[in-house]
Amino acid sequence: MGSIKSELRYVSNISFQRTIISCSFERTYKSLSMLTEEAAIAIQEELRPRVITTDVLPDPIKIIAGTDVEYDKDTNLIAGSIVLLDYDTLQEVAVASHCMEVTFPYIPGLFSFREMPSLLRAYEKLPVHPDLIICDGQGLAHQRRFGLACHLGVTINKPVIGCGKTKLTGEYTDPGAARGSVAALMDAGDHIGNALRTQDGINPVFVSVGHKISLATATDIVLKMCAQYRLPETTRLADHHARLALLEHKKKIFG
DNA sequence: GCGACAG
DNA sequence: ATCTTGTCGC
């Protein structure tokens, strides 16, 4: 069947095939459990050169999105949610969720293969698409410089910011206690992201480039989205909706 | 061998 | 991710 090679080619072609995104992922992720760790890494290596690390954003950003995936405690069900906010007012514009069973194990460094299926399906359900996405996880701040934020951005060809609660890889020095303080996250001599203090005296978040945005712009925007809490409003809302979607889905299936 | 390890 | 209220510390 030569399945691994054809699988690799198939996944690699996705970003060129916006119009058939839906069926692409249907096929790809139906057999995701067949993908070996080595093949998944090969996909990352192949897609990595497509990441754009400069600002290629709509002039005034109108709609910003947040993503999150919720896991059920005692089944293998997950819910991916994407919430759309008006960039200026932070009012919710739309939300879409998708529940399914997890098809890939948690392996540090291969996170996108676990969470992207549900996120892409949720993305397809949106009535309109966002100008920019902040996703829950790393972008370039990754062993192979291709975290979830990069994979998502390259796949749907949209600007994406990676914003994680903890770091995956790299070292940093204390940014300082004040909100807005920044320290470079370094790995093997590369400046892969920033540790950003979003609230006074509260643990920093880790910002990195996902796609079509610079680290400086990404850091500014994340700070702006954290007016009141440690995490961006986009992430907080997506988390909330993913939780609701999962509960609703379980109610439908069970009781 | 040991620690670290997005969610 | 999930477990989870009160409690420790500034």
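In what follows, chains are A, B, ... by sequence order, proteins preceding strands, each numbered from 1. Bear in mind that the values here come from a model prediction, so they are computed numbers and not experimental data.
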Y172(A) vs F206(A) aromatic rings, parallel, tilted or perpendicular, using cut-offs 30° and 60°? perpendicular

Any side-chain N or O of T166(A) less than 4.0 Å from the OP1 or OP2 oxygen of dG7(B)? yes

Measure from CD1 on I161(A) to P on dA6(B) and round the result to the nearest Å. 21 Å

Base, sugar-phosphate, or nothing: which does L246(A) touch, judged by heavy atoms less than 4.0 Å apart? nothing

OP1 or OP2 of dC3(C) less than 4.0 angstrom from a side-chain nitrogen or oxygen of K73(A), does that happen here? no

Heavy atoms under 4.0 Å, any strand shown: does E70(A) hit a base, just sugar-phosphate, or nothing? sugar-phosphate

Between H151(A) and F111(A), is the gap from one ring center to the other below 6.0 Å? no

Give a yes/no answer on whether the side chain of R145(A) brings an N or O atom under 4.0 Å of OP1 or OP2 in dA6(B). no

So does K165(A) get a side-chain nitrogen or oxygen closer than 4.0 Å to the phosphate oxygens (OP1/OP2) of dA1(C)? yes

Can you say whether the rings of H129(A) and Y123(A) are parallel (under 30°), tilted (30 to 60°) or perpendicular (over 60°)? parallel

What does G147(A) touch in the nucleic acid at a heavy-atom separation under 4.0 angstrom: a base, only the sugar-phosphate, or nothing? base

Whole angstrom is fine here: how far is it from CG in D239(A) over to P in dG7(B)? 11 Å

When all nucleic acid strands are considered with a 4.0 Å heavy-atom cut-off, which category describes D136(A): base, sugar-phosphate, or nothing? sugar-phosphate

CG of D68(A) versus C1' of dG7(B): gap in Å, rounded? 8 Å

Can you see which heavy atom on T67(A) is nearest to which on D136(A), and at what distance? O-CB, 3.5 Å

Does dA6(B) have F206(A) stacked on its base, where the ring centres are within less than 5.5 Å and the planes differ by under 30°? no

Within this structure, what is the CG-to-P distance between D74(A) and dA1(C), rounded to whole angstrom? 17 Å

May I have the distance from L196(A) (atom CG) to dA6(B) (atom C1'), rounded to whole angstrom? 17 Å

Starting at atom CZ of F113(A), determine the distance to atom C1' of dA6(B), rounded to an integer number of angstrom. 14 Å

Restricting to non-hydrogen atoms, name the atom on G66(A) and the atom on T234(A) that form the minimum distance, rounded to 0.1 Å. CA-CB, 3.5 Å

With rounding to the closest Å, how many angstrom separate the P atoms on dC10(C) and dG6(C)? 22 Å

When rounded to whole Å, the CD to C1' distance for the pair E171(A) and dG3(B) reads 14 Å

Spacing between L152(A) atom CG and dG7(B) atom P, to the nearest angstrom: 15 Å

Which part of the nucleic acid, if any, lies within reach of G109(A) when heavy atoms closer than 4.0 Å are counted: base, sugar-phosphate only, or nothing? base

